[in-house]
There are 2 protein chains.
Amino acid sequence: MSCHEHVIDQLRDAGVRLTPQRALVLDVVYHSEGHLTADEVYEQVRVQSPYVDLSTVYRNLVFLRQQGLIGELRLEGQPARFEAVRSGMEHHHAVCTACGCMVEVGHCDLAGLEATLLSKYGFRLEPIHLTLSGLCQQCAASA
Amino acid sequence: MSCHEHVIDQLRDAGVRLTPQRALVLDVVYHSEGHLTADEVYEQVRVQSPYVDLSTVYRNLVFLRQQGLIGELRLEGQPARFEAVRSGMEHHHAVCTACGCMVEVGHCDLAGLEATLLSKYGFRLEPIHLTLSGLCQQCAASA
DNA sequence: ATTGCAGATGCAAATTTTTGCAGAAGCAAT
DNA sequence: ATTGCTTCTGCAAAAATTTGCATCTGCAAT
């Protein structure tokens, strides 16, 4: 039916219900290259199924984020954005507070933190998307 | 005037205007032990100065967060909460996705990540508050 | 195929957060 | 003390996100 049966299987295995609305939201996010706002997802969903409600889209975005299937990106001064989390390519974003540019940071770069959290606090970090703040190379240089 | 002149000095040095409203918001957050929602800050502020607007509180919370003077905590299913960032005690929160409990994680625990970001991407991580997700020791054990 | 029920949806309304704009006020220079 | 420039504020309205509730539906068991 679509190009991500594995994801759907993952949901089934988790014992969650696969409704058409949920599948659509998943589809839209996974077929998009960029980072979509909730409203953009909503519009895309409605192209295919005009009676889906915006609140359903929001609920599913929250749900899929909790499942680790999509990442939520919070940039300064704009609504939240969502993107697919493709297995093996989990990543986070480092955003420059000066120029707003973004760097993708592999989840593997957090391996050290993951180990520290586990040994020091017994806490198992999950690969849920993070938005890190700081200065990019250029802005740091010119400061 | 208050117990955090150093913070106020920090603002002055940054060349920003110190309005009574801004000082009040800072005061309220710094005098509170817990994590306040924007609305709670607003109520506290209005005790001392009844004509301050909620939007001003929001604008100052955003501003102070950008300055790294307060931390913003986003917990599942509740409005954002804010807390003072006390120098030398910068920390983040690791939240259990199963039971909702929270662990404080020192910013120093991110030293490794900080180094990786710098060497690999030239990115200078700032000690802006993060909300990490995962499983606490107990929930991980019983899973 | 039918049934039972936990979980999902649509709708309407509430809550939370952000924004536009005109007037007010901090602060550096005079 | 006054001036000028720029930023900040209050107000009103919009936008973004969440919630309550009655109904509906996926899916596991029969």
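None of the values given here were measured: they were computed from a predicted structure. Just so it is clear: chains get the letters A, B, ... in the order the sequence lines come, proteins before strands, and each one is counted from 1.
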Electrostatic pair A:Arg74:A:Glu72 at N-O distance under 4.0 angstrom:
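Yes, this pair counts.
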Report which part of the nucleic acid A:Ser55 touches: base, sugar-phosphate, or nothing (heavy-atom distance under 4.0 Å, all strands).
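Contact class for A:Ser55: base.
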For A:Asn60, answer base if it contacts any base atom (sugar-phosphate contacts may also be present), sugar-phosphate if it contacts only those atoms, and nothing otherwise; contact means non-hydrogen atoms under 4.0 Å.
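If one applies the 4.0 Å heavy-atom cut-off, A:Asn60 turns out to touch the sugar-phosphate alone, with no base involved.
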Taking only side-chain nitrogens and oxygens of [X], does any of them come within less than 4.0 Å of OP1 or OP2 of [N]?
| X | N | result |
| --- | --- | --- |
| A:Thr56 | C:dG10 | yes |
| B:Gln21 | C:dA25 | no |
| A:Tyr58 | D:dT17 | yes |

Please report, rounded to the nearest Å, how far the [atom2] atom of [N] is from the [atom1] atom of [X].
| X | N | atom1 | atom2 | result |
| --- | --- | --- | --- | --- |
| B:Leu73 | C:dT17 | CG | P | 12 Å |
| A:Glu76 | D:dA16 | CD | P | 16 Å |
| B:Arg65 | C:dT18 | CZ | C1' | 12 Å |
| A:Leu24 | C:dG10 | CG | P | 10 Å |
| B:Arg17 | D:dT7 | CZ | C1' | 4 Å |
| A:Leu61 | C:dT9 | CG | C1' | 15 Å |
| B:Glu40 | C:dT17 | CD | P | 11 Å |
| A:Leu54 | D:dT17 | CG | C1' | 8 Å |

Is there a donor-acceptor pair under 3.5 Å between the side chain of B:Thr97 and the backbone N or O of B:Gly134?
yes
Please check this pair: side chain of B:Arg124 against backbone of A:Cys136, looking for a donor-acceptor N/O pair closer than 3.5 Å.
no
Taking the six-membered ring for Trp and the single ring otherwise, decide whether the centroids of A:His129 and A:His93 are under 6.0 Å apart.
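They qualify: ring centres under 6.0 Å apart.
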Please tell me which of the listed nucleotides, C:dG20, C:dA8, D:dA16, lies nearest to the side chain of B:Arg59?
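The answer is C:dG20, which lies nearest to the side chain.
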Which nucleotide, C:dA8, D:dT9, C:dT17, lies nearest any side-chain atom of A:Val16?
C:dA8
Need to verify one output field. Residue with the more 5' nearest nucleotide on DNA chain D, A:Pro79 or B:Gln78?
A:Pro79
Which is more 5' along DNA chain D, the nucleotide nearest A:Leu18 or the one nearest B:Asp53? Just name the residue.
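Closest to the 5' end, via its nearest nucleotide, is B:Asp53.
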Whichever of A:Thr19 and B:Ala80 has its nearest DNA chain C nucleotide further upstream toward 5':
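So the residue in question is A:Thr19.
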Between B:Thr37 and B:Pro20, which has a closest nucleotide on DNA chain C that is more 5'?
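The residue whose closest nucleotide sits nearer the 5' end is B:Thr37.
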Heavy-atom check, side chain of A:Val95 versus side chain of A:Leu132, under 4.5 Å
no
